Amino acid sequence: MEEFLEMKIFKVSVERLLLNGGQTLYMVGCSLLAGTIVGFLMALVLVLCRKGGLTENRILYQVVNFYINVVRSIPFIILLVTIMPLTRAIMGTTIGSRAALVPLVVYISPYLARLMENSLLEVPPGILEAAQAMGASNWQVIRYFLVPETLGSVVLAMTTGTIGLLGASAMAGYCGGGGIGDLALTYGYEKMNTPLMVFTVVILVLLVQLLQIAGNRISRKLREHR
Amino acid sequence: MIRLENINKSFSDRRKVVKALQDVSIHVEKGDIYGIIGFSGAGKSTLIRMVNRLEKPNSGRVVVDGQELTDLTAAQLRKVRRKIGIVFQQFNLLESKTVFQNVAIPLILERADKERITKRVHEVLQFVELEDRRDAYVSQLSGGQKQRVGIARALVTAPSILLCDEATSALDPKTTESILQLLKRINREMGVTILLITHQMQVIQMICNRVAVMEEGRVVEQGSVMGVFSRPQATVTQEFVRTVIRDQIPESITELLYSERRNYWVDRLKFVGSNVKKPVISEICHIDGVEVNILGATVQELENSVMCIFILQLIGEDDRLEEAEAKIDQAGVLRERVVTS
């Protein structure tokens, strides 16, 4: 076992490859989960509080809308640096995969919110009218009507989000988060180890392909009755 | 059962104010199948949404089952809505759910226990004859089946009122008929009061006992279906009645009339209900100097009764013809002279 871990591939130990791979999975997985929850909440606010929505609230709508637009207009690498004080306040440090989760969630949740807002708006208004006519409370409208009808498109949105996160996590990695980005830049680019860089690129391409295929499959499964 | 009094409602966007309802009052009795007919934009959809308060009136009273809906809290309103079923033109079913799950939703919202849900959904699906499709998804159903699911969903909570928002407008004639028969059964067997809106006069003719005609946000005419069909007053009502009942002289016959050299009048007779049994035509045939020619005739079944329309050409001298008309009027048959030569 130990021998295997110390084995060198492209002049880097297997242990390092696995460690960095694991860091990427950790960063992408956790921030996707948190980002989806936060994003979905923001999407709900956008849809429910918009003009003509279930609980019209112009101010809340404008606030969330503005926040999303602001965050989305900042390139991730700049966002990462800008919110370091926030990151330190939450995580106690700005270095490491765990600290990288803060900027990743801040970055991805507005993106997911926009995608999920579109999915939610696709639910025919008649469905919501039917729900209200049945005497559903707002919470029940969300739970029994909006969520089941949009699950398929939410999965597609998450797939797109995951792929965005993969790119962002590489940048976060370079700034001390570890992961595949760190591997490619620190061990590949800076040490002029071109084969390693090509290797990481291939891994990334394969990963994105796999994610997209899986996302499409799940989404189709959820939507095949439509 | 449902009483709308002096309802006013207007919508405004930046450019203009649209008066959707102007001083509308209707009264639906328990057990009625009450139809509201009008062209699109007449305000019918807004009106029906007043009953379950999906739309709030600017002024006026909405009383449903003795309860004033005008100033209920959101929670009270939800409770009332659960006792009013509604069926939509576009069905509004959840595509991600099966027939069973769709029908069960109103009960799930009430937090009914599983056993009761299964039993009740089974019952209503049997009633709408869709028991064998309970595990199908909505996209696998035909339009008529979708509407049956919509109806089952509306009935699952055993409401006392069923609202139908153009329930048959998206369906072909044959399916429309079967859905209308189903609504009739719901009214008779379950004792559900039905308020429906439509732009198809056939719907009113086939199942309603009372009707209100709407135009530009106002109710221009209302009454029993027989009354409105036999004596339509407003122009729009006459237009609607004409879509189902031919009471005009066919054009080919009008041309034949031009060649008639003798003195004649043309009268339109409407026999309603028991009048049908009166031997009026045979009586006027026996008047000396009057010749009777039937130019057209139709029979309509309405509210479990009948209305016959005859278009008669009466040939003879004016005084003879007057005598004939007097005989018709005496018998209580509705008469209208349409041509005087």
Side-chain angles (χ1 to χ4, degrees), chain A residues 40 43-44 47-58 60 116 118-158 215-226, chain B residues 11 13-14 45 48-49 51-55 72 74-99 101-111 135-141 149-150 153-157 159 161-163 165-166 170:
Chain A
F40 191 71
L44 277 178
V47 172
L48 299 180
C49 297
R50 73 170 44 229
K51 195 163 179 259
L54 225 47
T55 54
E56 204 176 306
N57 186 334
R58 298 301 300 270
L60 191 54
M116 291 191 280
N118 286 337
S119 317
L120 287 171
L121 286 177
E122 271 170 36
V123 175
I127 296 269
L128 299 185
E129 194 179 33
Q132 283 182 288
M134 282 175 216
S137 63
N138 288 341
W139 162 244
Q140 286 177 324
V141 173
I142 297 169
R143 161 84 175 76
Y144 294 105
F145 296 84
L146 278 177
V147 170
E149 286 295 276
T150 49
L151 213 53
S153 0
V154 167
V155 168
L156 274 189
M158 283 172 71
N216 286 351
R217 280 258 168 90
I218 297 169
S219 165
R220 199 179 321 130
K221 194 106 202 147
L222 288 168
R223 302 211 288 183
E224 69 187 353
H225 309 299
R226 300 173 67 123
Chain B
F11 298 100
D13 59 13
R14 263 165 234 163
S45 304
I48 203 167
R49 280 165 176 70
V51 179
N52 57 6
R53 265 290 304 282
L54 284 177
E55 293 284 358
L72 290 184
Q76 287 171 318
L77 195 57
R78 282 201 291 273
K79 225 168 164 185
V80 172
R81 280 176 178 163
R82 285 178 183 164
K83 287 189 288 182
I84 306 174
I86 182 164
V87 180
F88 300 92
Q89 177 177 6
Q90 297 304 332
F91 323 123
N92 293 340
L93 302 171
L94 294 180
E95 310 242 335
S96 56
K97 308 261 181 205
T98 63
V99 167
Q101 291 166 331
N102 264 289
V103 176
I105 280 182
L107 294 177
I108 293 172
L109 297 182
E110 285 182 5
R111 299 186 181 83
D135 294 320
Y137 281 88
V138 173
S139 61
Q140 299 163 329
L141 303 177
V149 177
R153 183 177 69 177
L155 290 178
V156 80
T157 51
I161 295 172
L162 181 65
L163 306 175
D165 178 8
E166 299 270 10

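These figures come from a predicted structure and were not determined experimentally.
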Checklist entry - Counting N and O atoms only, with roles assigned by atom type, does the side chain of B:Arg82 sit under 3.5 Å from a partner on the main chain of B:Pro106, one being a donor and the other an acceptor? => result no
Next on the checklist: Need one label for B:Leu109: side chain, backbone, both or neither, based on atoms under 4.5 Å from any heavy atom in chain A.
Outcome noted: both
Checklist entry - What salt bridge (Lys or Arg N to Asp or Glu O under 4.0 Å) pairs are there with at least one residue in residues 132-143 of chain A, not counting sequence neighbours? => result none
Checklist entry - Which bit of B:Leu77 comes within less than 4.5 Å of chain A, counting heavy atoms only: side chain, backbone, both or neither? => result neither
Checklist outcome for this item: Applying a strict 4.5 Å limit to non-hydrogen atoms, the region of B:Ile84 in contact with chain A is backbone
Next on the checklist: Taking the side chain as everything from C-beta on, heavy atoms only, tell me whether A:Leu146 gets closer than 4.5 Å to A:Leu44.
Outcome noted: yes
Item to check | Side chain, backbone, both or neither of B:Ile86 within contact of chain A (heavy atoms, under 4.5 Å) | outcome: side chain
Checklist entry - What residues, two or more places apart in sequence or in another chain, satisfy salt bridge (Lys or Arg N to Asp or Glu O under 4.0 Å) together with B:Arg49? => result A:Glu129, B:Asp165
